[in-house]
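Have a look at the structure below before the remarks.
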Amino acid sequence: MADELIPVEHLTEEAASAELRRLADEIARHDTLYHGKDRPEISDADYDALKRRNEAIERQFPALVLSDSPSQRVGAAPAGVFAQITHARPMLSLDNTFSDEDVQDFVASVYRFLGQIPDNSIAFTAEPKIDGLSMSIRYEGRKLKTAATRGDGTTGENVTANILTIKEIPTELPADAPDVVEVRGEVYMAKSDFLALNAQMEAEGRQAYVNPRNTAAGSLRQLDAKVTASRKLKFFAYAWGEIGEMPADTQHGMVEVFRRWGFPVNPLTRRLTSVDEILAHYREIGLKRADLDYDIDGVVYKVDRLDLQARLGFRSRSPRWATAHKFPAEQAFTRIERIDIQVGRTGALTPVARLEPITVGGVVVTNATLHNADYIHGIGNSGERIRPKDHDIREGDTVIVQRAGDVIPQVLDVVLEKRPEGSVAYDFPKTCPVCGSHAVRERNEKTGKLDSVTRCTGGFVCSAQAKEHIKHFVSRNAFDIEGLGTKQVDFFFDSEDPALQIRRAPEIFTLKARQEASLTKLENIEGFGRVSVRKLFEAIDARREIALSRFIFALGIRHVGETTAKLLARSYGSYAHFSEAMQAAAPKFGEAWNELNAIEGIGEVVAASIVEFFKEPRNLDVVQRLLEEVRVQEAQAQATGDSPVAGKTVVFTGSLERFTRDEAKARAEGLGAKVAGSVSKKTDYVVAGPGAGSKLDKARELGVTVMSEDEWLALING
Ligand code: IVH
């Protein structure tokens with residue numbers, strides 16, 4: 001197909017205009033086939049090619065961009081873009097309770113309302129309060145018909161296409177389900193998936209997300225359901241809206257029915273009677289909270305019997321038969337002493353608040369991220385307002401700090417009453433505080449919006465970027481040089497002694513020779529003993545031969561994470577071939593460019609970034625010097641389909657004794673298996689070493705095949 005198309009550079013304005021119209025219509029038609037009718041006519045790769053061509057033409061002729069162009073539809077949807085759905089029954093919220101007394105009052109009020117003496121005869125369910133987004137999923141004739149967000153409780157947004165990408169949600173109900181059913185529950189993102197997504201974002205030099213809830217919300221509000229699909233959202237069912245015939249007469253009975261119908265339901269749900277039991281359970285859940293793979297912010301208590309629920313009824317917006325017992329928020333007030341700017345490997349300038357030390361949820365916090373210039377001014381990643389206009393964050397401000405799970409502490413809000421007199425708004429630097437180069441906010445080519453990240457343009461000239469690059473270069477998934485941790489890299493980088501200095505990656509490999517020729521001996525320097533120096537040089541020498549994918553990842557090309565590096569290694573086979581092809585692709589059209597873009601999993605932004613890297617003579621010089629020191633292995637041929645584990649999903653858990661985790665992962669992936677971090681129904685094998693815990697339990701619970709390290713080795717070695 002691509003052969004017959006006129007290269008974008010050669011299009012006349014008239015031809016470009018006609019083609020943009022044709023592409024918009026064609027892409028819209030495929031969207032409907034794919035999402036609405038589930039009957040795609042073209043492959044994903046061909047679909048992506050259409051979108052890429054559309055974008056390329058738009059870049060060449062920005063004035064011709066159509067208002068309904070597919071490029072205008074990526075990213076978070078602006079409010080009001082989704083169609084509205086009026087809920088058949090309103091989606092209400094819950095009253096909150098915070099103290100033991102509040103819970104006692106709630107239980108007493110239920111008895112009082114029903115005119116009973118409090119004799120522990122009324123049962124309550126206790127369910128974890130999932131910190132996600134509530135969703136109403138409507139089935140008609142036992143087929144998933146629509147899915148809507150809560151919205152204002154009366155009308156929500158139609159996110160059916162996105163919900164269809166969540167594998168945990170059944171698209172069909174069994175024959176015994178009523179004709180019309182609305183199942184309600186919470187869509188959320190697992191903490192592990194959130195952390196993995198952020199690790200990937202960081203590896204690719206992109207802005208990290210704030211927390212799983214916001215990420216899940218952003219992932220759902222995508223007009224491109226493929227983005228939603230890539231985000232691994234999950235679901236717990238716990239409530240209902242309109243429903244034909246009630247299949248049970250208690251809350252816990254209903255949840256059990258949902259489970260039978262194929263919905264995930266929360267395993268920590270209990271049925272309890274006395275206040276004492278309820279409070280004991282609340283504390284137990286509180287203790288488990290940190291270990292759960294999803295965020296919860298409290299426990300919801302509901303009267304179990306539905307006839308009693310009906311009698312209790314609702315106040316204006318919340319039921320009388322339920323309450324949310326919230327966990328105390330892990331928040332605290334403190335003062336910002338100053339705001340520092342950290343410069344990352346890709347030049348991102350991240351403002352960090354240095355705080356008067358404060359304990360938040362049992363941990364002493366001294367720093368909190370302020371993310372970027374917009375965040376300081378109360379503007380979120382999609383341009384939305386997250387704090388009132390005058391609540392900008394300043395040095396000297398008293399602020400509310402929050403720490404949630406593994407997430408970096410954040411500054412939530414400013415206490416304006418405590419703002420010192422004469423305070424001035426924070427002036428975000430326009431130059432890099434480390435090297436003085438210009439710091440700019442790039443414009444996103446696709447959306448035309450300003451990037452939230454301010455970036456130093458100094459590249460290798462910037463010592464912060466150069467230093468971070470060395471740290472990346474020696475990191476575990478790159479060159480993996482043991483003995484070169486953060487402290488050591490700082491030491492070698494900052495050293496003024498030519499025999500000790502490491503400012504560029506190739507110098508790691510010349511360190512030993514420089515040492516030997518010099519009078520300065522590393523082993524005489526504090527912190528480096530004779531043994532550690534020997535080990536360090538051994539570790540460096542051991543990496544003089546390196547896999548192509550690691551080598552590419554180590555180069556630190558923006559947007560090229562571990563996964564992309566592997567794709568490139570597999571596609572090009574050798575470094576010589578790769579670098580030649582990237583230089584040939586520089587004009588961004590022609591065979592080499594098309595070949596790069598045709599790699600499944602590599603989009604145009606990534607492709608452009610790689611090509612840019614190879615255009616920069618300073619980068620080529622560093623690579624050249626590196627190649628004088630190390631030998632890059634050719635990539636192994638792609639795994640053959642006949643490996644016994646090809647296409648299988650494996651989870652390694654426990655302390656492995658026969659191989660390291662990275663080794664196990666690499667080997668399994670080399671054989672075509674997928675290595676996952678958590679156990680699910682889709683897991684094929686769990687390889688458990690000594691001390692395996694919750695993942696092993698989960699595997700047993702789900703009936704996943706569990707094997708020892710030796711059994712695994714026997715399997716893969718055939
Ligand atoms: S019941 C009429 N159960 O909390 C009551 N809600 O603060 C309907 N939530 O909008 C809600 N876990 O998003 C209920 N086990 C649970 C829940 C839960 C989380 C959320 C839900 C709701 C909000 C109310």
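Computed over heavy atoms, backbone and side chain alike; hydrogens, waters and symmetry mates excluded. Just follow the structure's listing: the first ligand is 1, and inside any ligand the first atom is 1. Quick caveat, the model's predicted, so the values are computed rather than measured.
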- Message: Test side-chain contact (heavy atoms from CB on, under 4.5 Å) on Thr215 and Leu197; report intermediate values, then the result.
- Response: CA-CA 10 Å; Thr215 314; Leu197 176 66; 3.7 Å; yes
- Mind checking whether Ala239 has a heavy atom under 4.0 Å from ligand 1? no
- Item | Which segment of Leu94 sits under 4.0 Å of ligand 1 when only heavy atoms are counted | both
- Message: Within the 4.5 Å heavy-atom criterion, are Val181 and Leu173 side-chain neighbours or not?
- Response: yes
- Message: Between Arg138 and Glu242, does any side-chain N to carboxylate O distance fall below 4.0 Å?
- Response: yes
- Query: So which protein heavy atom does atom 12 (N) of ligand 1 come closest to, and at what separation?
  - Reply: Ile130 N, 3.1 Å
- Which protein non-hydrogen atom lies closest to atom 20 (C) of ligand 1, naming both residue and atom, and how far is it? Glu186 OE1, 3.5 Å
Side chains of residues 112-123: which donor-acceptor partners sit under 3.5 Å, not counting sequence neighbours?
| from | atom 1 | to | atom 2 | distance (Å) |
| --- | --- | --- | --- | --- |
| Asp119 | OD1 | Ser121 | N | 3.1 |
| Asp119 | OD1 | Ser121 | OG | 2.7 |

- Note on the structure: the protein heavy atom lying closest to atom 3 (N) of ligand 1 turns out to be Lys302 NZ, 3.0 Å
- Task: Among all protein heavy atoms, pick out the one at the shortest distance from atom 4 (O) of ligand 1; state its residue, atom name and that distance to 0.1 Å.
- Result: Lys129 NZ, 3.1 Å
- Note on the structure: Here the ring pair (Phe, Tyr, Trp, His ring centres under 6.0 Å) pairs for residues 147-193, sequence neighbours left out, are Tyr188-Phe236, Tyr188-Tyr294
- Note on the structure: Here the pair of heavy atoms bringing Val679 nearest to Lys698 is O-NZ, 3.0 Å
- Subset of ligand 1 atoms that lie under 4.0 Å from at least one heavy atom of Pro319: 2 (C)
- Among all protein heavy atoms, pick the one closest to atom 8 (C) of ligand 1 and tell me residue, atom and distance. Leu92 O, 4.0 Å
- Query: In the protein, which heavy atom is nearest to atom 6 (N) of ligand 1, and how far is it?
  - Reply: Tyr238 CE1, 3.3 Å
- Query: When you check the side-chain N and O atoms of Asn162 and Thr228, is any donor under 3.5 Å from an acceptor?
  - Reply: yes
- Query: Distance under 6.0 Å and angle within 45° of the ring axis: does Arg387 meet both against Tyr375?
  - Reply: yes
- Of all the atoms in ligand 1, which lie at a distance below 4.0 Å from a heavy atom belonging to Glu127? 3 (N), 15 (N), 16 (C)
- among protein heavy atoms, the one nearest atom 10 (O) of ligand 1 is Ser134 OG, 3.5 Å
- Proximity of Pro128 to ligand 1 by residue part, where a heavy atom lies under 4.0 Å: backbone
